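Each remark here refers to the structure printed beneath this line.
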Amino acid sequence: MKKLLLRSILILSFVFMIVGFMPVGQSEASANSIDLQESLNSNQVTVTTDTYSDQGLIQPFAEIGPTYPGTNVQMRIGDVLYSTKTLGTTSQIVGHTGIVNSDFKVVHVTLPVNGGTIDNMTGYMNRHGAGETIKVYRPTNGMGVSAAKWATWNFQYVKQYSIDPFSLLGTLSPNYCSKFVWQAFYYGEGIDLTNVNNTPDLRGFVTPSMVINSPFLIYMTSFKAI
C-alpha cells in the first residue's frame, strides 16, 4: 500500500513538473508586430499634447471669442480665414489662408516671415492692404478644434515658405499657407479638405481656392483689413 501511494505521488509530481513548463495563455511579442508598429510610427506626424486642452479651454463648437472686425459673428476655434489679391490692393499676400486657434489668433505660413507664424487679428490685417476683404469659412459638424490644435503645435517646424507642386502633401517644411491648413485638418480631424482622397504620401499641391471650396467648410462672413 505504501509503495502504491509513493508511486502515485511520484507520478503526480512528474505531471505537475511538465505542466509547469508549458506556456498557458501567454501572449508573445512577435517581430512582425513590432516591425508593423515601428512602420506606422515612422509614417505619422508627431503631435505634441496641447496644454490648452489640459486647461479645458478647447471645446467643440467653442464660441467664446471676440467678434470679427465690423461684424457680429463670433470667432470660433478652427475658422479658416481667406484673402485674395485683387487689382490695386496688397502685393504681400496672394490667395492666402490661415486658421484661428484657441487664443483666437491666426496660425499661418507666410512668405514675409519665410515660415510659420501666429498673428493677433491686428497683425494679421496689417499683412494685407487697407480695405482688402478677408473671408471667414467655418468647419462643419463641429470640426476645427483638433485642426487648430495641430496647427498651433506644428507651425514652428515650418522653417521655409516654398510652393513646390511636386512635393509630398505630408512635407511640413518647406510649406505654404493652403497646404499647411490642409495638413491641419488631415492630421487633426482626419479629413481631406479637397475631398478627392488626397493623402500625405501623394505629390501635388493644395490651392487656397481648393480649401475654401471644400465641402467641409461653409462661408460665414467677411471683413475689411484696416
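Since the model is a prediction, treat every value here as computed from it, not as a measurement.
Between the side chains of Trp182 and Asp192, at least one donor N or O lies within less than 3.5 Å of an accepting N or O. Residues Ser167 and Lys179 have side chains that bring a donor and an acceptor to within less than 3.5 angstrom of each other. Under 3.5 Å, the side chains of Asp201 and Thr199 contain a donor-acceptor pair of N or O atoms.
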Problem - Test log, rule side-chain contact (heavy atoms from CB on, under 4.5 Å), inputs Leu81 and Val106 - result: CA-CA 8 Å; Leu81 304 186; Val106 186; 3.6 Å; yes
Problem - Verdict with supporting geometry, Lys224 and Thr133, side-chain hydrogen bond (donor to acceptor under 3.5 Å, both in side chains) - result: CA-CA 5 Å; Lys224 300 289 186 179; Thr133 299; 2.7 Å; yes
Practice task
Please assess His128 against Ser83 for the test side-chain hydrogen bond (donor to acceptor under 3.5 Å, both in side chains), listing each intermediate value before the final yes or no.
Solution key: CA-CA 9 Å; His128 298 72; Ser83 55; 2.9 Å; yes
Exercise for the section: Please report the C-alpha distance between Thr194 and Asn198 in whole Å, then the side-chain angles of each, then the deciding distance to 0.1 Å, and finally whether the side-chain hydrogen bond (donor to acceptor under 3.5 Å, both in side chains) criterion is met. Expected result: CA-CA 7 Å; Thr194 62; Asn198 274 329; 3.0 Å; yes
Practice task
Please step through side-chain contact (heavy atoms from CB on, under 4.5 Å) for the pair Phe104 and Met121, ending with a clear verdict.
Solution key: CA-CA 8 Å; Phe104 299 99; Met121 187 54 66; over 6 Å; no
Problem - Tyr186 and Ile191: CA distance, side-chain angles, deciding distance, side-chain contact (heavy atoms from CB on, under 4.5 Å) verdict - result: CA-CA 5 Å; Tyr186 186 88; Ile191 62 168; over 6 Å; no
Practice task
Output, in order, the C-alpha distance, side-chain angles, deciding distance and verdict of side-chain contact (heavy atoms from CB on, under 4.5 Å) for Val181 and Val80.
Solution key: CA-CA 8 Å; Val181 170; Val80 173; 4.2 Å; yes
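Summarising the geometry, atom CD belonging to Gln183 is positioned 5.5 Å from atom CG belonging to Leu172; distances are rounded to the nearest 0.5 Å. Note that NE2 of His96 and OH of Tyr176 are 13.5 Å apart. Values are rounded to the nearest 0.5 Å. One distance of note links CG of Asn114 with OG of Ser173; it measures 8.5 Å at 0.5 Å rounding. The distance from the OG1 atom of Thr221 to the CD1 atom of Ile134 is 11.5 Å, given to the nearest 0.5 Å. Between the CZ atom in Phe205 and the CZ atom in Phe166 there is a gap of 9.0 Å [rounded to 0.5 Å]. Note: Tyr157 OH to Asn175 CG = 14.5 Å, rounded to the nearest 0.5 Å.
No single ILVMFWY cluster, assembled from side-chain heavy atoms under 4.5 Å apart, contains both Val113 and Ile118. Neither Leu168 nor Ile163 shares a network with the other; the hydrophobic side chains, linked directly or stepwise wherever heavy atoms of I, L, V, M, F, W or Y lie under 4.5 Å apart, form separate groups for each.
No donor-acceptor pair under 3.5 Å is formed between the side chain of Thr97 and the backbone N or O of Pro208. Remark: side-chain polar atoms of Tyr82 are not paired, donor with acceptor, to backbone N or O of Val211 under 3.5 angstrom. A donor-acceptor pair is defined here as one N or O able to donate and one able to accept, closer than 3.5 Å; such a pair exists between the side chain of Ser214 and the backbone of Leu193. In this structure, Glu189 contributes its side chain and Ala147 its backbone to a donor-acceptor pair below 3.5 Å. At least one donor-acceptor pair under 3.5 Å links the side chain of Lys159 to the backbone N or O of Gln156. Judged by distance alone, with hydrogens and angles left aside, the side-chain atoms of Thr71 form a donor-acceptor pair with the main-chain N or O of Val73 at under 3.5 Å. A donor-acceptor distance shorter than 3.5 angstrom exists from the side chain of Asp79 to the backbone of Arg76, with no hydrogens or angles considered.
For Ile218, the CD1 atom is densely surrounded, since the number of other residues' heavy atoms within 6.0 Å is greater than 12.
Between His108 and Gly98, the shortest heavy-atom distance links the atoms CB-CA, 3.8 Å. Closest heavy-atom contact between Pro174 and Ser162: CB-CB, 3.7 Å. Across all non-hydrogen atoms, the minimal contact from Met75 to Arg138 is C-NH2, 4.2 Å. Scanning both residues, Leu202 and Asn197, for their nearest heavy atoms gives CD1-O, 4.0 Å. Taking all atoms of both residues into account, the shortest heavy-atom contact from Ala148 to Gly78 is CB-N, 4.0 Å.
Looking only at side-chain heavy atoms (C-beta outward), Met143 and Phe216 come within less than 4.5 Å of each other. Put simply, the side chain of Lys149 does not reach to within 4.5 Å of the side chain of Ser102, judged on heavy atoms.
Between Arg127 and Asp119 there is a salt bridge, since a side-chain N of the basic residue sits under 4.0 Å from a carboxylate O of the acidic one.
The residue from Trp150, Phe155, Tyr161, Tyr187 that alone fulfils the ring-ring contact (aromatic ring centres under 6.0 Å, His included) condition with Phe180 is Trp150.
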